[in-house]
Amino acid sequence: MPKVKINDTEIEVPNGTNMIEAARLAGIEIPHYCYHPHLSVAGNCRMCLVDIVGGRGPDIACNMQARDGLAIRTDTPAVKKMRASVQEFLLVNHPLDCPICDQSGECRLQDYYMEHGQYESRLNDAKVSKEKRQDIGELIVLDAERCVQCSRCVRFSDEVTGTGELRLMNRGNHTEIGLFPGERLGHHYQGNLADICPVGALTNKEFRFRRRVWYLRETASVCDGCATGCNIDVCHQEGEVFRYNPRRNDAVNKSWMCDPGRLSYQSVMSLKRLLRAHVDKKEVGVDAAVAEVVRRIRNASSVGVVLGTRATNEANWALLTLVRANLPGARIFWVEGNDSTGLPADKILIDGDKNPNSAGVRLLAAHDGKVGDKTALKDAIPELKLLLVLQDDVVHRLGGMSLPPVIYFGTYLNDTSERAAVTLPVAHTVEQDGSYTNRQGRVQRIRRAVNPAGDALPAYQVLEKVGAALGRAPGTAMPAAAFNTMARAVARLKGMDFKSLGEGGLPLAALPPESSNVQAAV
Amino acid sequence: MALPVPSRKMTTIESAYLLEVVKGLVLTISHVIKNIFDPDHFRTIEYPDMKKPMAVRYRGAHRLLTRPDGKVKCVACMCCPTVCPAKCITIIAGEDPDDPAEKFPVEFDIDMLRCIYCGFCVEACPKDAIRMDTRIYEINAYTRQDMVHNKSYMVNLMEGKKPEAEDVYRANPSTAPAGYTFDEKPIP
Ligand code: SF4
Ligand code: SF4
Ligand code: SF4
Ligand code: SF4
Ligand code: FES
């Protein structure tokens, strides 16, 4: 571990750390455009120039590996002057579109101008103009004038998606980002281009002009689009969600997310949301529906319960404990499958399993030991008199088999809600606290960004009501309590605590030696 | 922010009160005498037939300026709703595919019941698209809804009228606010 000195702070950093990251660890920011932690180093923007103490001259921090005894300074007059000069160069041909530029408010040119620029313009000549508003892909608008030629987007399409559509063309003042003639972006990670572009050259078509970014509040959460569980920031204002942005998590999604996941924020305001409780298709209050659920459970001679791969760990735990405490004869299942078709799995992020919490369900199934799978449910259906379904579209997953009366705790209108005798609205991922376990077995927190729509409640709270009415409540009114009880009971969650999950989540503990094979599958 | 006013100890004569009363009376009586000999000084303005001339930079009702091609100058940058301390400006932005300005306000509403006439919106605008130089102070309506001035109202507010401030500024450019550009809209 080399020990480096940045200004007056000495810090020991891991081998192979570059000086931008080392400085970040020391709490010092080195401004940069072209460097990105998850892309190769290009070293072309020169914004990160620093002075090396005892060195011959300034050098770029992004391409400087930490080595023992290296001392740099980021606060000398020379460094300040270099930053201002780089900034001035970058702005020579810049259109200053800020009033109509979507990047405004999260733009490095703006930020660094305020921090490191603040010079008087010396430009007397006309600016070089380039083509604006180019539609280059499903999700991306390119404004060539605003580009600072950092080449991040080029490296992203070369290194991450491997599609290599973008190139820097021409020379000098006329350098311009573009695609080969007739080509368009052809991958499902386009939104990331708008994120990594440090300026407003690449902007998100879908978010374009919808809201100024400085109005948006961010809540750290997890995308529920597939089993990968990309970490996201939910950007919302006054109860309305405007976009998902990927949040850096080196263990899961680095800095990226896929386009369908990014656009899945639309499901929050979707017209297909289940907003009210229904009994036999008649709208009722939540409490009346809970009473009806309890009445039907009491009257049914045999009850089946389906855990939810789209539900939180807390909700599944609530359902599991509720059934085991109150309904000794009931049988529990879980049904693999997808509610709708999505993109096929790829090697980057997208997983074929479109449920955020299949691994969590598998873990609880293994913990319980008596949870049946899809085939077991199919076999058991003729004997069941009532089926409780948590969030998954089980009717669809079973391919439209005839089922006993269904009680559906769900977020969306779908085949199951259509068939259900009683439906209870469940909050969307961004409307509740809780946790999902992703395909790697990483337990990650979701957080409430906006209030639940309609009468919806987090599933663990609905189940708490049902449990209380049945006699023994599962004790899951609060997600933290639900998680902590679960963590104490389930071997592979040992030592975890709702708080300790933090922003980045925690991996499941390694299997204890005597554990079953089912758990190994998680 | 309230400024603290330092209190001062009263002198003995001041706390005796009598002299202060006399001082006050002297001031009042001197005004009475002045008004008797100079009636123009205090004449009541017979509003609404007569109107008091407003100061050149009086902040009246907002108007939205247009470009020579008739489109609003505003590009819905959201600076004014951001800076507005009364949070009374509501803009819905849209994209104009035929316009090089790309962005424009589909809706632009100012709730005049909440506006405090501070003029920050005018200061903040990078496009000189909104001004309060109309000197219109009779801002009233029968319903609350009508007190919300919308885009077309604010664009047409000065239709056929020239903001008086323009004349003053043209005649004496040194009185114009820094960066003032004259209205480009042709006046019939
Ligand atoms: S890229 Fe940044 S500086 Fe350039 S117009 Fe957009 S917000 Fe302004
Ligand atoms: S378009 Fe953006 S990311 Fe690509 S080179 Fe230009 S500034 Fe960099
Ligand atoms: S004058 Fe002040 S309060 Fe009124 S709209 Fe403008 S910024 Fe808002
Ligand atoms: S500040 Fe000017 S350009 Fe921006 S939204 Fe307001 S009126 Fe329009
Ligand atoms: S960040 Fe180092 S040169 Fe661009």
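Chain identifiers are assigned alphabetically (A, B, ...) following the order of the sequence lines, protein sequences preceding nucleic acid strands; residue numbering begins at 1 within each chain. Values reported hereafter were calculated over all heavy atoms of this structure, with side chains retained and with hydrogens, waters and symmetry mates removed.
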Does [atom1] in [X] sit with more than 12 non-hydrogen atoms of other residues, nucleotides or ligands closer than 6.0 Å?
{"X": "A:Y119", "atom1": "OH", "answer": "yes"}
{"X": "B:Q145", "atom1": "CD", "answer": "no"}
{"X": "A:E238", "atom1": "CD", "answer": "no"}
{"X": "A:K132", "atom1": "NZ", "answer": "yes"}
{"X": "A:F242", "atom1": "CZ", "answer": "yes"}
{"X": "A:M169", "atom1": "CE", "answer": "yes"}

Requested in this report: Measure distances from A:R208 to the heavy atoms of chain B and classify the residue's part below 4.5 Å as side chain, backbone, both or neither.
Outcome: side chain

Distance from [X] atom [atom1] to [Y] atom [atom2], nearest 0.5 Å?
{"X": "B:C79", "Y": "A:W214", "atom1": "SG", "atom2": "CH2", "result": "5.5 Å"}
{"X": "B:D96", "Y": "A:I100", "atom1": "CG", "atom2": "CD1", "result": "11.0 Å"}
{"X": "A:Y215", "Y": "B:M78", "atom1": "OH", "atom2": "CE", "result": "6.5 Å"}

Query raised in the report: Are A:R133 and B:E95 ion-paired here, with the side-chain N under 4.0 Å from a carboxylate O?
Result: yes

Query raised in the report: Is any side-chain heavy atom of B:P81 closer than 4.5 Å to a side-chain heavy atom of A:R212?
Result: no

Report task. Can you tell which part of B:P100 gets under 4.5 Å to a heavy atom of chain A, answering side chain, backbone, both or neither? Result -> backbone

